[in-house]
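Each remark here refers to the structure printed beneath this line.
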Amino acid sequence: MVVRTLRPRLVGERIRGVETSGLPLRAPINRKALERACVGARVDAVRRIGKYWLVDLSSHYVLLGHLGMTGRLVFADEDAPRAPHTHAIFQLRKGLELRYVDPRRFGVLRSYTAEEAPTSPELSVLGVDPLERDFTVDYLAAALQKSKRDLKAFLMDQSRVAGLGNIYVCEALWRAELSPKRRSDRAVKRAAALHDAIVGVLRDGIENRGTSFSDYVDAEGVAGGNQHALAVYGREKAACRRCGAALRRIVQAGRSTFFCARCQK
DNA sequence: AAACTCCCCTGATCGC
DNA sequence: TGCGATCAGGGGAGTT
């Protein structure tokens, strides 16, 4: 979603300068490295791999970012007041800036050369992205077969399927009518249903401009609407839209899971 | 390999 | 109203 709103406004822009807050994200931001990669470079493309966004630059460098839980990228006039927790600013054509805002600082922002990026610690460990061609039923079935973990943990693991977070995992399992507690290697026969559910929830999320909480807005300043389309996430004790049973909340691997114990088996 | 726990950090909300 | 506890969309490190 972020990439989708970023791309039309960012591709073709030349980056004139970079500014940083000095506070670390998950790791410190290396301003010098960012400047080397960005300053004077033109944006050739904006891409996404799993939860990472990538900006391909004419300098032959790549900007790599992750929004963590609270990160946002916003376009702003250079004279507009900076939101609290603005940790990086990319100066574009006169008067225009792209700002990275992240209160909790769980994000990532760094640069690689085009050659280094695919083998970086961030990207090299990622599994297949569900919206890419190589995310097939066969790939998913084979990955499920290899794992004894429960489906919730399996889908949260970015090294198997890259790009699903807590919300979309809960939603996909509900759609596929699969229990989050079921062992992955005992869900192989349901791989096709799970595959379609995963692709479906991601497509719908993008269609609805992302899942917004509180005051989240995308790069265009527009709030997403996907939170209204959620079937289970955040709906503990509410009625399942399929069977009417009360939805439950449990904790798996330290994270909340929302599901219907009656129709997810 | 997988399952724990704890950690990073800020802000909203809830119970008292 | 104030205050501490709890929880939140993510992921990594260290330990069993």
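Heavy atoms only: backbone and side chains are in, while hydrogens, waters and symmetry mates are out. Below, chain A is the first sequence line, B the second, and so on; all start at residue 1. What you are looking at is a predicted structure, and each value in this text was computed from that prediction instead of being measured.
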Using links of under 4.5 Å between side-chain heavy atoms of ILVMFWY residues, direct or through other members, which residues join A:Met69 in one cluster?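 Members besides A:Met69, by chain and number: A:Phe106.
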ILVMFWY cluster membership beyond A:Ile250 - transitive side-chain contacts under 4.5 angstrom: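 Taking Ile, Leu, Val, Met, Phe, Trp and Tyr as members, A:Ile250 shares its hydrophobic cluster with A:Phe259.
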By side chain to side chain contact (heavy atoms under 4.5 Å, CB included), which residues pair with [X], not counting sequence neighbours?
{"X": "A:Ala142", "value": "none"}
{"X": "A:Arg190", "value": "A:Glu177, A:Leu178, A:Arg182, A:Ala193"}
{"X": "A:Ser120", "value": "A:Leu64, A:Tyr112, A:Glu122, A:Leu123"}

What side-chain hydrogen bond (donor to acceptor under 3.5 Å, both in side chains) pairs are there with at least one residue in residues 128-147 of chain A, not counting sequence neighbours?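 Listed once each, the pairs are A:Arg48-A:Asp129.
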What are the atom names and distances for every N/O pair under 3.5 Å that joins the protein to nucleotides 2-7 of chain B?
residue : atom : partner  : partner atom : Å
B:dA3   : OP2  : A:Arg149 : NE           : 3.1

Strictly under 3.5 Å: I want the nitrogen or oxygen pairs between protein and nucleotides 10-13 of chain C, one per line.
residue : atom : partner  : partner atom : Å
C:dG10  : OP1  : A:Lys51  : NZ           : 2.8
C:dG10  : OP2  : A:Asn166 : N            : 3.1
C:dG10  : OP2  : A:Arg255 : NH2          : 2.5
C:dG10  : O3'  : A:His66  : NE2          : 3.4
C:dG11  : OP1  : A:His66  : NE2          : 3.0
C:dG11  : OP2  : A:Lys51  : NZ           : 2.9

Counterpart residues, side chain to side chain donor-acceptor pair (under 3.5 Å), relative to A:Arg249 (two or more places apart):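 Partners of A:Arg249 by the side chain to side chain donor-acceptor pair (under 3.5 Å) criterion, ordered by chain and then number, come out as A:Ser256.
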Could you list by number each residue of residues 80-90 of chain A showing a heavy-atom separation from DNA chain B of less than 4.0 Å, or answer none if no residue does?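 The stretch gives A:His85 as the residues lying under 4.0 Å from the strand, ordered by number.
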Pairing pattern in dot-bracket form [Watson-Crick, G-U; both distances under 3.5 Å; | = partner strand] for DNA chain B: .|||||||.|||||||
Quick one: which protein N/O atoms are closer than 3.5 Å to N/O atoms of nucleotides 3-6 of chain C? Pair and distance per line, please.
none

